[in-house]
2 protein chains.
Amino acid sequence: MPRKSRSTGRITLDDVAREAGVSRITASRALHGGRVVGAELVARVQQAADKLGYVPDPAARALASARSTQVPVLVPLLSNALFVDLLEAVHRVLFPAGFQPMIGVTHYDPAEEELLLRNYLAHRPAGLLVTGFDRTEAARQLIAQSGVPCVYLMETTDAPGVHCVGFSQLEAGAAMTEHLLSRGRRRIAFAAAQLDPRTLLRAEGYRRTLQKAGCYDSRLELLCPERSSIALGARLLEELVSTRPDIDAVFFNNDDLAQGGLLAAHRLGIKVPERIAIAGFNDLAGSDQMLPPLSSVHTPRAEIGDQGARTLLQLMSGQTPAQASIELAFQLVIRDSS
Amino acid sequence: MPRKSRSTGRITLDDVAREAGVSRITASRALHGGRVVGAELVARVQQAADKLGYVPDPAARALASARSTQVPVLVPLLSNALFVDLLEAVHRVLFPAGFQPMIGVTHYDPAEEELLLRNYLAHRPAGLLVTGFDRTEAARQLIAQSGVPCVYLMETTDAPGVHCVGFSQLEAGAAMTEHLLSRGRRRIAFAAAQLDPRTLLRAEGYRRTLQKAGCYDSRLELLCPERSSIALGARLLEELVSTRPDIDAVFFNNDDLAQGGLLAAHRLGIKVPERIAIAGFNDLAGSDQMLPPLSSVHTPRAEIGDQGARTLLQLMSGQTPAQASIELAFQLVIRDSS
DNA sequence: CTGAAAGCGCTTACAG
DNA sequence: CTGAAAGCGCTTACAG
């Protein structure tokens with residue numbers, strides 16, 4: 001028979017409803033909302049769905065309900081283990097709850113983030129997780145106008161209506177600087193790459209602390225826009241010791257830089273921490289294995305991912321989280337390099 | 001007026017069609033297929049779409065066409081830089097072509113991969129990118145029955161109808177072993193973690209090479225199911241030198257292990273390469289900065305991502321790639337540690 | 001080369 | 001607590 005069938009052969013809600021002897025809409029409600037349907041029917045429909053191996057069509061659902069189960073998660077980079085830890089934690093919360101995290105990488109480029117946002121928002125996401133507050137005005141508008149619940153990760157703010165989970169980048173930068181001062185260091189250099197907003201906040205924490213102690217010297221700040229890497233850390237240390245031979249400490253803005261710096265110090269025969277103390281940031285894998293083991297700031301990225309995702313879950317279900325802004329603690333991890 | 005409107009306020013194809021003065025279907029064709037529509041109309045429709053800021057609804061499109069623009073990319077881990085490089089390359093090819101790579105992390109767990117597959121396949125993906133050939137029978141069935149074009153990454157096979165891009169893990173393992181032999185090493189240990197199928201292939205390459213040379217000793221194979229890490233590499237080296245003090249080389253299965261091994265050797269006062277040569281695998285970031293710089297096997301992961309994505313692009317557009325199986329070259333990178 | 005009709009698989013008001 | 005109707009926004013045959 002020449003039927004105009006475009007059927008995909010897929011098992012649909014109608015099949016389930018027929019099997020269970022109810023209407024399609026009752027089947028739909030039994031499978032989701034649950035509440036308004038009789039308990040007996042819910043069981044019957046569930047059983048039919050299981051028997052037939054029914055898998056709901058996300059596209060149809062998204063179209064009909066104007067909302068999908070996708071949750072874009074925008075991070076700057078995958079090559080910093082920090083964000084991998086964050087994503088793992090997010091996934092562990094969102095996936096079991098029935099949502100699909102979609103990882104988007106912005107490369108610290110606001111234009112790229114805007115493009116991704118434009119794309120992902122077209123998919124009618126259920127929620128949105130983004131990194132920090134630094135973005136284009138257009139991106140801000142896109143988020144606001146979409147009406148999609150959004151949680152900001154890594155930094156915090158008191159701005160009303162903004163849900164965020166992070167830690168104080170500035171205080172973390174200050175804390176490590178204070179530690180170095182407490183060890184008697186006075187000529188403390190700061191070496192950073194990438195120069196994203198959070199890096200600059202840490203630099204500010206370093207700066208204020210040294211100013212307060214009367215030890216600040218702007219010539220000891222080495223801010224380099226390149227991508228952070230072990231090799232760059234090595235170069236930065238070499239540059240510092242050759243141009244500022246009187247430094248007695250280097251605070252690197254990320255552990256990969258610090259690891260490279262440590263290796264370069266070795267190569268140059270510079271004793272750490274005797275002549276120069278070295279400290280890193282983020283406490284990444286391997287830092288505890290360095291020679292000497294590297295002092296660092298352990299940042300709560302897994303917990304940020306976890307709590308950020310949980311906050312988003314609440315927002316997506318229409319609840320109001322107890323706190324709009326959650327500030328978590330970082331932790332100084334002092335090993336032998338400082 | 002009490003209209004039963006469920007409108008989302010979104011700009012639809014109808015709006016574009018009205019603006020351009022054509023029918024909805026012509027607008028649809030003008031925006032995509034392009035071919036059968038008059039060039040003048042295409043321009044008119046395109047202009048209308050731009051003017052209104054039209055963004056097609058992926059859900060509606062997926063529902064109507066039984067195919068989305070999503071492309072799940074399943075990798076074992078994000079904490080191995082290898083896969084981050086792979087994903088970057090995939091993204092660079094797929095995203096500009098209008099597809100959305102969806103990163104899925106399997107943690108080397110076939111059951112987890114199966115679950116992800118079941119989920120992602122419900123989204124009617126346009127294509128599929130998976131790592132290796134090791135999966136559950138159910139997962140294999142899911143892929144086959146879905147009819148979704150699929151490209152297998154990292155390994156190759158001659159099995160008919162299977163599209164794959166990779167390199168010979170076995171030969172790569174053999175090549176580094178041969179290098180160590182050529183430097184006069186005879187008591188060569190092999191230290192591996194994770195024990196995924198590709199690791200075991202490299203172990204097999206090591207084994208065969210040493211057997212051929214008459215140097216094989218199964219007691220020098222240290223296979224550890226734990227996750228690969230710098231700290232584990234340090235432990236493995238310590239174990240090796242204490243239980244097999246006569247070894248003159250260690251071939252680590254991944255650079256993080258090798259870096260840890262190198263650091264442990266330092267701590268123990270073992271000269272590298274004088275007393276023990278150390279080699280790694282994958283040539284990850286930082287290996288060139290180690291003391292001494294680490295010999296490794298540079299694997300073509302970026303190219304695998306690139307070519308794998310390009311192959312998939314062809315399959316998705318209905319073309320037949322020139323080659324079903326693409327084997328790329330790895331490269332021995334000999335530095336000072338061996 | 002262009003269009004009117006039907007349909008993809010689901011959910012949302014509206015009734016009962 | 002359950003159902004018949006309409007609709008989400010698009011594309012696929014089928015005509016012309």
Side-chain angles (χ1 to χ4, degrees), chain A residues 1-45 49 52-69 98 121-124 126, chain B residues 1-45 49 52-69 98 121-124 126:
Chain A
M1 55 186 177
R3 195 157 50 100
K4 211 174 178 173
S5 171
R6 282 167 59 193
S7 162
T8 52
R10 203 174 166 118
I11 293 172
T12 73
L13 196 54
D14 280 311
D15 299 323
V16 175
R18 205 173 306 123
E19 176 76 23
V22 299
S23 75
R24 187 206 309 158
I25 165 65
T26 300
S28 171
R29 280 194 282 244
L31 256 24
H32 303 100
R35 46 204 59 176
V36 284
V37 181
E40 179 217 10
L41 274 191
V42 171
R44 190 137 54 94
V45 171
L52 298 178
Y54 170 66
V55 182
D57 186 324
R61 176 124 57 128
L63 186 57
S65 69
R67 192 106 310 174
S68 76
T69 57
L121 252 18
H123 288 259
R124 313 163 175 275
Chain B
M1 54 185 177
R3 196 156 52 99
K4 211 175 181 173
S5 171
R6 284 166 59 193
S7 164
T8 52
R10 203 174 167 119
I11 292 172
T12 73
L13 196 53
D14 279 311
D15 299 322
V16 175
R18 204 173 307 123
E19 176 76 22
V22 299
S23 75
R24 185 206 310 158
I25 166 64
T26 300
S28 171
R29 281 194 282 245
L31 256 24
H32 303 101
R35 45 204 59 176
V36 285
V37 182
E40 178 216 9
L41 274 191
V42 171
R44 190 138 54 95
V45 172
L52 298 177
Y54 169 67
V55 181
D57 186 325
R61 177 124 57 128
L63 186 57
S65 69
R67 191 106 310 173
S68 76
T69 57
L121 252 18
H123 287 259
R124 311 164 178 274

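Labels below follow one simple rule: chain letters A, B, ... track the order of the sequence lines, proteins then strands, and each chain is numbered from 1.
Considering only residues two or more places apart in sequence or on other chains, D15(B) meets the side-chain contact (heavy atoms from CB on, under 4.5 Å) condition with I11(B), T12(B), R18(B), L52(B). Residues passing the side chain to side chain donor-acceptor pair (under 3.5 Å) test with R44(B): none are found, sequence neighbours excluded. Residues that satisfy the side chain to side chain donor-acceptor pair (under 3.5 Å) test with R67(B), not counting sequence neighbours, are absent from this structure. Scored by the side chain to side chain donor-acceptor pair (under 3.5 Å) test, T26(B) finds S23(B) as partners (sequence neighbours excluded).
The interatomic distance linking H123(A) (NE2) with dC10(D) (P) rounds to 13 Å, in whole Å. Regarding R24(A), its CZ atom lies at a distance of 13 Å from the P atom of dG7(C), rounded to whole Å. Between R61(B) atom CZ and dG9(C) atom C1' there is a gap of 18 Å when expressed in whole angstrom units. Atom pair D57(B):CG and dG7(D):P shows a separation of 18 Å (rounding to whole Å applied). Here dG9(D) presents its P atom at 13 Å from CZ of R67(A), a figure rounded to the nearest Å. In this structure, L63(A) atom CG and dG7(D) atom P are separated by 14 Å, rounded to whole Å. Following rounding to the nearest Å, R10(A) (CZ) and dC10(C) (P) show an atom-to-atom distance of 7 Å.
The I25(B) side chain lies nearest to dA4(C) when the options are dC8(C), dA4(C), dG3(D). Closest contact between the side chain of T26(B) and the listed nucleotides dG3(C), dC10(D), dT12(D) involves dG3(C).
Between S28(B) and the phosphate of dT11(D), there is a side-chain N or O to OP1/OP2 separation shorter than 4.0 Å.
Distance check, rounded to the nearest 0.5 Å: CZ of R10(A) to OH of Y54(A) gives 8.0 Å.
A pairwise comparison of heavy atoms in A122(A) and V55(B) identifies CB-CG1, 3.5 Å as the closest pair.
Side-chain contact between L13(B) and L31(B) is present, with heavy atoms from C-beta onward closer than 4.5 Å. Contact of the V45(B) side chain with the R29(B) side chain is not registered, since no non-hydrogen atoms from C-beta on lie closer than 4.5 Å.
For a distance-only test at 3.5 Å, the side chain of R29(B) fails to qualify as a donor-acceptor partner of the base of dT11(D).
Within residues 12-22 of chain B, the residues that have a heavy atom under 4.0 Å from DNA chain D are, in order of number, T12(B), L13(B).
No donor-acceptor pair closer than 3.5 Å links the side chain of S68(A) to the backbone N or O of A62(A).
Counting only Watson-Crick or G-U wobble pairs whose defining distances are both under 3.5 Å, the stems of 3 or more consecutive pairs in DNA chain C are C:1-3 with D:14-16, C:5-12 with D:5-12, C:14-16 with D:1-3.
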